[in-house]
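Below is one structure, written out as structure tokens; the observations come after it.
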Amino acid sequence: MAQKLTRRQFISLSGASLAAVALNGCSVPAASDQTANEPTQTSNKPQPGGVLRVGFADMPGDLNPWFTATAVDSVLKLAIYEPLVRYDPTFEIEPALATSWETSADGLTWTFKLRSGVTFHDGSTFTAKDVVYSFGEILKPANGYMGSKALSFIAKVTSVNANTVQMTLKQPNMDFLILLADAPSAAFIVPHTKTVKELIKRPCGTGPFKLKEYQPSVSTTFVRNEAYWDQGLPYLDELHHVYLPETATQVAALMSGELQLLWQINPDSIAVLQKSPQVKVVEVPGGFYQPLLMSVKQKPFEKIKVRQAMKYLVNREAFVKAVLQGRGQPGNDQPVTPKAPFWGNIPPYPFDLAKAKALLAEAGYPDGFTTTLLTSNARPGMTESATVFQEMAKQAGVTINLKQVPADSYWKDYLTYPMATSSWPIYPSTDQIFTMAYHSTGVWNETGLKDPILDGLIEAARSETSEAQRLKTYTKIEQLVHDEGAVIIPYFRSGFFAHQAKVQGLVYPPNAQMRPHTTWIKES
Amino acid sequence: MIFFLFRRLMLGFVILFLVSLVIFGVTELLPGDTATFMLGQRATPDLVTALRKQMGLDRPASVRYIEWITNILQGDWGESLLLKTAIWPLLQQRFENTLVLTFLTILLGTPLGIGLGLLAGLNQGRWLDQTIIVFTTFIISIPSFIIAIFMVILFSAYLQWLPASSMIASDASLGDRVSRLILPILTLLSGMLAHLTRHTRSSLLTVLQADYLRTARGKGLAEGLVIFHHALPNALLPTITVVALNIGWLIGGAVLVETVFAYPGLGQLMVQALSSRDIPLLQAISLLTAASFTLANLAADLLYIVLNPRIRYS
């Protein structure tokens, strides 16, 4: 219930009516809906101590606190560093380094009260100075941090006194707190006495774990932060991240108990892992989707009817079966997943060959056309998805030539092709995904679609204070992207995790950005 | 002799220089650089530009190469682009690990390979010979990463005798270290054994037909003395080269094995350096590997001279 209160506080602070809160309950998945999260066993009191070894298929890059290009980077940095606020698995805001906040009537000035008695891993005390310093670095464009994009609407960060900071925004943004909490923004607070260079060598945050050793491409070892501000947390004495690119090794290591948790497993391994009695496989729905992009800058996708015809050619159930082995949900050609805030539940285009053919004829392609679809195994599932779509398109005479390129050079110019595959995680900020990837000025606008009506709606939803009104506007946006957009989103993928049964207290946000502070190991 | 050594060392430097040039050139030709790798799918032109500028990647390739080679000649290995840390300490640690793996494999593999080769050669045509040949041919026909995966599944997942990964904590106990080395060593052995066995066997067979052995037997020497005193020293000479080649291969080429077992060696670091286009790191690893290869070969040649008085280099 505490989570609900937090959101209520947040909404009432931002001037929304109480009616909005009630309605809001429908738009955000309730905690009980999170079937993936294990029920907290009240009879099970967390036992402090123990070591948790987590296996990852990808590797992090450097230890710069503000650089989190991949989810593995984020998970590493979330163990060491903390933002001002954080979110729970349903994306409800919780206090972290800030204990409370209020906003001015125009939504442009935010005042944060900071938690007192917090110390950094080097023993120094956390104050407003550190917040001002950290944001100065994060927002500096020359540093090239993702945060300078995600939080570009912050104009100024000043300290009012040692325990209060004030942030001035260029324009109101109702997702401000979510973006502050989101690990990809990496709005982490570091001591103002440390330069980035020093932090890369010896990370120093306020988080539940301190870095003990980083062996690039091999492993990262963390030890418990004895001075963590959240009393009694974390439970684990040590946390190890182990980077194992080979699936067979990962699976063997979990089954033999050498690792206790696999972060994001390949669905192919599920069957094997389920045979082991000590292993539990967890499905976290709605975490990812893999759009098939149609570039509106290239023929014939500049025509809405062609794009719609392509959407009618998609047999979504078949996609879920073939690409996801049944583990996922049909997608509806817009990027807000059922687990994201403001999911409008718009019914997807049905598979309708006659309609697709008719639309193609109307657009001037009665006999179909030939195009190229670029793909790669840069993300699991993309190549499979491309192959399935190639088959489906054949029915309407559309010939798709698949072009496959190596994973490490895929993202460099995938947008120069008429069609390409992409892969996205769920975005906790619905504004962010639309602003960055669907607004005509969006930096990740993958299809090049420019629609002034869509732009207007996205901007309106961003500063709308009523949650109910926001849901309405976002539903409209989702409908518009679904109807006329240039992405085919055939499915929403689940994320999969596997752990030894003795590992307890794991919390799975749909975007896989797990925080280790409540995890513990039950020794029988 | 001194002159020979000097010439070979000079030649080694020329080879290293060429290696560095080729590695640099090839990575320049690959699409993408560290900035695009770091940002991945979320790259935007201005973020890429900012990162390139920070890493000095906005300067022309020739300038970067000259800067790198000037630094390296002064003993400065530079910083990794991706990891933003000094390369040398990282390299040192990984090189040590790779050397441990290499020498344990050589230490176990050499007597085993030679022993099997001798057994096969002395029993030419009999069932023991056939078994050894079929077995080693079978093993070398399977790619090493398949052997590795097979062993992981068998020994770690099902039997649970040995750890699947070889990541070694810096404070690991000796027992832990040893148990983590067994699977990688077995995999590497499988690749090296067949070579060595067949080489030893055929070279023994050649020697056994030599005239001087007939003479030795003719003058009434015991068969054991003939084999161990006359045949073996000559039969083993070519295997020195095979072992030296294996050292080079193990140091630079154990990439797959290191990746499968997540063994913290050079090969595994090389994979990350290559995929992230971390040229300074990649260059450093290649140089170290090439240098080891060259030195191992030089050592083999020197050993050759010592063991075979007929060969004299001028």
Side-chain angles (χ1 to χ4, degrees), chain A residues 55 59 61-64 67 69-70 140-146 148-149 184 196-197 200-201 213-219 221 240 242-259 272 276 378-379 405-414 422-424 436 443-444, chain B residues 30-32 34-54 80 82-85 90 93-94 145 148-150 152-165 167-171 259-264 268-269 271-277:
Chain A
M59 297 163 185
D62 68 19
L63 291 179
N64 187 326
F67 205 95
T70 64
K140 204 181 284 168
N143 285 339
Y145 298 136
M146 216 66 78
S148 69
K149 289 262 169 262
V196 183
K197 261 205 133 52
I200 289 174
K201 280 211 183 82
E213 190 187 21
Y214 176 48
Q215 292 195 58
S217 76
V218 180
S219 64
T221 318
H240 297 229
V242 182
Y243 311 112
L244 290 167
E246 178 53 51
T247 310
T249 318
Q250 277 188 25
V251 169
L254 184 72
M255 285 169 72
S256 66
E258 195 186 337
L259 297 178
V272 182
S276 170
R379 300 278 183 279
V405 294
D408 55 4
S409 55
Y410 183 71
W411 305 113
K412 215 187 136 264
D413 44 24
Y414 72 116
S422 184
S423 190
W424 289 81
M436 298 285 210
V443 284
W444 302 319
Chain B
L30 287 173
T34 310
T36 56
F37 171 82
M38 284 172 76
L39 293 164
Q41 190 189 354
R42 305 285 171 261
T44 66
D46 50 338
L47 288 182
V48 172
T49 316
L51 283 189
R52 277 201 184 126
K53 201 158 172 191
Q54 273 174 36
S80 152
L82 179 72
L83 304 166
K84 310 278 186 300
T85 48
L90 187 62
Q93 188 197 13
R94 297 304 169 91
F145 71 93
I149 289 173
F150 175 75
V152 163
I153 292 171
L154 184 67
F155 291 112
S156 306
Y158 289 99
L159 297 175
Q160 307 205 347
W161 290 349
L162 293 167
S165 74
M167 32 102 192
I168 301 165
S170 45
D171 53 357
T259 306
V260 170
F261 294 107
Y263 185 80
Q268 200 246 15
L269 192 63
V271 173
Q272 195 183 10
L274 183 63
S275 63
S276 62
R277 308 281 187 267

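Sequence lines set the chain letters: A, B, ... in the order given, protein chains first and strands last, and positions in each chain run from 1. Values below: every heavy atom of this structure, side chains too, minus hydrogens, waters and symmetry copies.
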Close side-chain approach of B/Leu83 and A/Tyr214, heavy atoms under 4.5 Å: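 Contact flag for B/Leu83/A/Tyr214 side chains = yes.
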Shortest non-hydrogen contact from [X] toward [Y]:
{"X": "B/Thr259", "Y": "A/Pro245", "value": "CG2-CG, 3.6 Å"}
{"X": "B/Leu47", "Y": "A/Tyr145", "value": "CD2-O, 3.6 Å"}
{"X": "A/Val443", "Y": "B/Thr44", "value": "CB-CG2, 3.4 Å"}
{"X": "B/Ile149", "Y": "A/Ala248", "value": "CG2-CB, 3.6 Å"}

I need the residue from [options] with the largest number of non-hydrogen atom pairs under 4.5 Å to chain A.
{"options": "B/Ala50, B/Pro45, B/Ser80", "value": "B/Ala50"}
{"options": "B/Leu51, B/Ile153, B/Thr36, B/Val48", "value": "B/Leu51"}
{"options": "B/Thr49, B/Val260, B/Leu30", "value": "B/Val260"}
{"options": "B/Ala164, B/Gly32, B/Ala157", "value": "B/Ala164"}

With a 4.5 angstrom heavy-atom cut-off, which part of [X] approaches chain B: side chain, backbone, both or neither?
{"X": "A/Ala142", "value": "backbone"}
{"X": "A/Pro141", "value": "backbone"}
{"X": "A/Asn143", "value": "both"}
{"X": "A/Ser148", "value": "side chain"}

- request: Please look at B/Lys84 and chain A and tell me whether the side chain, the backbone, both or neither of the residue comes under 4.5 angstrom of a heavy atom of that chain.
  value: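 Answer is both: backbone and side chain atoms of B/Lys84 are under 4.5 Å from chain A.
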Examine distances only and state if a side-chain atom of [X] and a backbone atom of [Y] form a donor-acceptor pair shorter than 3.5 Å.
{"X": "A/Glu258", "Y": "B/Leu162", "result": "no"}
{"X": "B/Gln268", "Y": "A/Ser217", "result": "yes"}
{"X": "A/Gln215", "Y": "B/Pro264", "result": "no"}

message: Looking at chain B, which one of A/Lys201, A/Met255, A/Gln250 has the largest number of heavy-atom pairs inside 4.5 Å, strictly under?
response: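 Looking at each option in turn, the highest pair count goes to A/Met255.
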